Amino acid sequence: MDKSATRDDPFTPSVVVYDPQTIERKWQRIWQERGTNHTDLQRAQRPFYALMMFPYPSAEGLHVGNLFAFTGNDIYGRFQRLMGHNVFEPLGYDAFGIHSENYALKVGVHPMDLIPRNIANFQRQLESAGLMVDWRYTLATTDPNYYKWTQWLFLQLFEQGLAYRKKAAVNWCPSCKTVLANEQVVSGGFCERCGTEVEQRLLEQWFFRISDYAPRLLENLDHIDWSETTKTAQRNWIGRSEGAELEFETKKVTGEECEIRVFTTRPDTIFGATYMVLAPEHPLVESLTTAKEKKKVEAYRERTTKQDLVARKTSIDKTGVFTGSYAINPATEKEIPIWISDYVLMEYGTGAIMGVPGHDQRDFDFARKFDLPIVRVVCGERDDANTPLAEAFTQCESGTLVNSGIFDGYDVEAGKKAIVEFLSKAGSAKPVVHYRLHDWCISRQRYWGPPIPIIYCDDCGTVPVPEKDLPVVLPFIPDFKPDDSGVSPLARHEEWYRVACPKCGKTGRRETDVSDNFLDNSWYFLRYPSVGHDDVPFEEKVTKKWLPVTSYIGGNEHAVLHLLYSRFITMALHDAGQLAFEEPFTRFRAHGHIIREGAKMSKTQGNIVNPDEYIEHWGADAFRSYLMFLGPYEQGGDFRDASISGTRRFLDRLFASVQTMSSEGTPDHTVMRKLHQTIRKVSEDIPRLSYNTAIASMMEYINVLRKGERTPHRDEVLPVITLVAPFAPHIAEELWEQTGGTGSVFDSAWPSFDPALAKEDTIELVVQVNGKVRGRIHVAPDITEAAAVVAALAEPAVSKFVGGTPKKVVFVPGRLLNIVA
RNA sequence: GCGGAAGUGGCGGAAUUGGUAGACGCGCUGGACUUAGGAUCCAGUGGAGCAAUCCGUGGGGGUUCGAGUCCCCCCUUUCGCACCA
């Protein structure tokens, strides 16, 4: 063996040394020239759509987290290609949104100039990472050719009656004169930019009726192959809860009767309802407030309006005021006071609750604060009807109803049923299923997004922009900053804002809000295969062939919003007859996140990993492999500079093995056995995304291959080139070429696994005495229990712990023998 | 508060169904080659002990021939969501 085959040795130029920089540039060029990463979408026999979540092209450039995500998908895609699939691995850019707008404002560059620059930089970085992306099918959500169809999508939903307008609260910064997203409201209610206290404002906004789809979105989860954590997150988000709607009679100040409807999951506790609470925005509040209480109620409502959304939802102290009116508890027929409080939310349930302080902690706190009666109506095993309550008793399983008239003695579950049935006879109750999921607000009072394609006409009302007039192009406005006028930036652009009504031709006004970023990315996967078909959003034939997405990989931070919205949009398009399927992603896997040296990566901490530097220093292959090696892909891991050398050394050793291998003689039996065990391991690990263990097993093999400075045989080495290819594609191509392979290694076949070759001649059987390991014996894999006991007792280390005849013997064939003495 | 994920050597992490705890890598120790070594190669490396052996997977109980893995209680970290009636 030539020991001078090291990469630092300048004196032996005849020896080929692993030089990733040269090899990687070479193969990236060849891939481009030969179209290696191109997928023939029309002629593909075994389509495999390997989708990854597309990035937001930030000005800072590609984040190592992006690369971690993409590499994991790339390995999966490359593996599937080697398994004979026609893999389509597209990548594009989610380039609209608040971040670009804010960044553009900060540095004074217009987003229309900024975004193309960022995209170019991203593309360069992504290409240097060696991803198998077919760049002919890239897209950017900011391209009018793309958002034309985002607007089309809006019109589809509008026509189906799934889009509507209603008033909804937004965070408003009175100083910046602009709407803030929740994440821009910091430290309990202040504008992140100027520090002014944030207010709440009601605005007319567009919503999608996703809540109509809640049952279906929930049920389908049982039939799709997704990460369990993601499905759980969606189930919780949809938040199905069974309960009842109850009606409480009351009188308005005018003397007119009215009912307050409440939703409750605990109708069994109605005998304990000692007061009612309405959300401050509840429409009945005005007519229920008596003259005496009017001032207080109005002050409270005003205070609530002023509060921003975040502060309102995070304050713990209970506040509220009495309206002066009373309702009748339909069970006890007693009068109970009606209050208003911000702990009751207008958007959940009916915007009103019955206060059952004995059995709901929030109600309990409220009743304590305002001195309202607390009655026990459920008791546990250890107490009775008169046991005082120090806190709300919320346990259901062991509860029995008390102080509940004819329902005393019922258990909680039976009580729920019986009471709803009883009250429904009088028409004041009905069982209902409620979902926490609420409709999707898609209006954004911003500039950097696709305009919502609606025109308001004084005569014709709300008129959708006709499809032929799409896209409604976002105009270039040099100064898109919010100003004192307080209206959306687009409203200040007269010649854009004023437009002829498509119906009557009179001058109307365009909708000046743009749509939510989540709408852009709720359908991009439908677009990729159809890039180039500019007359349709997604072309029928190619869509039929390539969708739904075979495999989708992305971060769990999108577990609910993006993934749920995409499912909803797909369902809505299915219902409109546009798509044959109703679930967009057949398989979804959530990847983890990487931290650095135990800490979260952030600009303020200055511990961001810039992929460029690492790729330059270690090579993309070593960097990719390290990212996949540092922890389980679905859990993330800890990035440590010191550890990259390990994966680089592995590639060095692989490279060196190819340079020194010999084709004389025959391959070693035990090495070949290890090879086939490695093939099996890697083939099993990649589909499970267990990349770290796949790499570990290849390292193990290389160690065996080179143990004791032996010269490896050609047949022992060649299959490893293919095994490593998904992880380190450049070096694999280079070695494939060096060893006489034709074309791309990715058009070859995955090494076949031979179980006969992988089988061990003898196994190590662990011998335990009373569950403690006392020895190991080398035996035939099919040894019988009796023979194993004899062999085991022949070992002094074992027999010294066994006195007489064993009491019991536990034999696990092929693994272990446990003698109970 | 609710929900998810996770606690294993000096460090990152293995252990597919209850069956050899610590694979693989980093680091460290010793050696080889070398003018040199932060290169490369070889060997070793959970702790205690001369050894036999004992102790070890956040803590405490339990089930079992056998528990990192299953059950109960508790602690910690971390990520979502925040009064969801």
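Quick note on labels: first sequence line is chain A, next is B, and so on, each numbered from 1. Since the model is a prediction, treat every value here as computed from it, not as a measurement.
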OP1, OP2 of [N] versus side-chain N and O of [X]: anything below 4.0 Å?
{"X": "A/R240", "N": "B/C84", "value": "no"}
{"X": "A/R235", "N": "B/G80", "value": "no"}
{"X": "A/N556", "N": "B/G80", "value": "no"}
{"X": "A/R688", "N": "B/U16", "value": "no"}

From the list [options], which nucleotide is the closest neighbour of the side chain of [X]?
{"X": "A/K707", "options": "B/A43, B/A39, B/A5", "answer": "B/A43"}
{"X": "A/N818", "options": "B/C54, B/G66, B/G25", "answer": "B/G66"}
{"X": "A/P632", "options": "B/A14, B/C81, B/C42", "answer": "B/A14"}
{"X": "A/K800", "options": "B/C79, B/U53, B/C83", "answer": "B/U53"}
{"X": "A/K772", "options": "B/C26, B/C55, B/G4", "answer": "B/C55"}
{"X": "A/A696", "options": "B/G12, B/A23, B/G3", "answer": "B/A23"}
{"X": "A/T693", "options": "B/A15, B/G25, B/A5", "answer": "B/A15"}
{"X": "A/N236", "options": "B/G3, B/C26, B/G12", "answer": "B/G3"}
{"X": "A/E700", "options": "B/C41, B/A23, B/C84", "answer": "B/A23"}
{"X": "A/E709", "options": "B/A14, B/C42, B/A39", "answer": "B/C42"}

Sticking with atom [atom1], work out how far [N] lies from [M], rounded to a whole angstrom.
{"N": "B/A52", "M": "B/A43", "atom1": "P", "value": "24 Å"}
{"N": "B/A85", "M": "B/U17", "atom1": "C1'", "value": "43 Å"}
{"N": "B/A23", "M": "B/G12", "atom1": "P", "value": "15 Å"}
{"N": "B/G37", "M": "B/A21", "atom1": "C1'", "value": "37 Å"}
{"N": "B/C26", "M": "B/C79", "atom1": "C1'", "value": "27 Å"}
{"N": "B/G47", "M": "B/G66", "atom1": "C1'", "value": "23 Å"}
{"N": "B/G25", "M": "B/U35", "atom1": "P", "value": "30 Å"}
{"N": "B/A36", "M": "B/G22", "atom1": "P", "value": "39 Å"}

>> Checking A/N770 against A/F801 for the side chain to side chain contact (heavy atoms under 4.5 Å, CB included) test, could you report, in this order, the C-alpha distance in whole Å, the side-chain angles of both residues, the deciding distance, and whether it holds?
In response: CA-CA 9 Å; A/N770 294 330; A/F801 290 97; over 6 Å; no
Rounded to whole angstroms, how far apart are [atom1] on [X] and [atom2] on [N]?
{"X": "A/M346", "N": "B/C84", "atom1": "CE", "atom2": "P", "value": "17 Å"}
{"X": "A/I644", "N": "B/G12", "atom1": "CD1", "atom2": "P", "value": "16 Å"}
{"X": "A/K681", "N": "B/A15", "atom1": "NZ", "atom2": "P", "value": "6 Å"}
{"X": "A/L630", "N": "B/G12", "atom1": "CG", "atom2": "P", "value": "12 Å"}

> Taking for each residue the nucleotide of RNA chain B with the nearest heavy atom, is it A/G708 or A/S645 whose nucleotide lies nearer the 5' end?
Replying inline: A/S645
>> Judged by each residue's nearest nucleotide on RNA chain B, which is more toward the 5′ side, A/A352 or A/A797?
In response: A/A797
>> Classify A/L816 by what it touches in the nucleic acid, base, sugar-phosphate, or nothing, heavy-atom distance under 4.0 Å.
In response: base
> Counting any heavy atom closer than 4.0 Å, what does A/E684 reach on the DNA or RNA strands: base, sugar-phosphate only, or nothing?
Replying inline: base
Exercise: do [X] and [Y] side chains pair donor with acceptor under 3.5 Å:
{"X": "A/D363", "Y": "A/Y343", "result": "yes"}
{"X": "A/D685", "Y": "A/T693", "result": "yes"}
{"X": "A/S227", "Y": "A/N556", "result": "no"}

> For the residue pair A/F263 and A/Y348, does the interplanar ring angle fall in the parallel (under 30°), tilted (30 to 60°) or perpendicular (over 60°) class?
Replying inline: perpendicular
>> Students often mix this up, so state it plainly: with edges at 30° and 60°, are the rings of A/F370 and A/W339 parallel, tilted or perpendicular?
In response: tilted
> What pair of heavy atoms forms the shortest contact from A/R436 to A/N236, and how long is it?
Replying inline: CD-O, 3.9 Å
> A/D365 pairs by side chain to side chain donor-acceptor pair (under 3.5 Å) with which of A/R362, A/Q361, A/K369?
Replying inline: A/Q361
> What stems, by residue range, does RNA chain B take part in, given at least 3 consecutive Watson-Crick or G-U pairs under 3.5 Å?
Replying inline: B:1-7 with B:75-81, B:10-12 with B:24-26, B:27-32 with B:40-45, B:46-48 with B:53-55, B:58-62 with B:70-74
> Would you call B/G59 syn or anti, using the 90° rule around 0?
Replying inline: anti
> Quick check: are there more than 12 heavy atoms from other residues, nucleotides or ligands sitting under 6.0 Å from NZ of A/K707?
Replying inline: no
>> Quick check on side chain to side chain contact (heavy atoms under 4.5 Å, CB included): which of A/V356, A/V412, A/D360 does A/R266 satisfy it with?
In response: A/V412
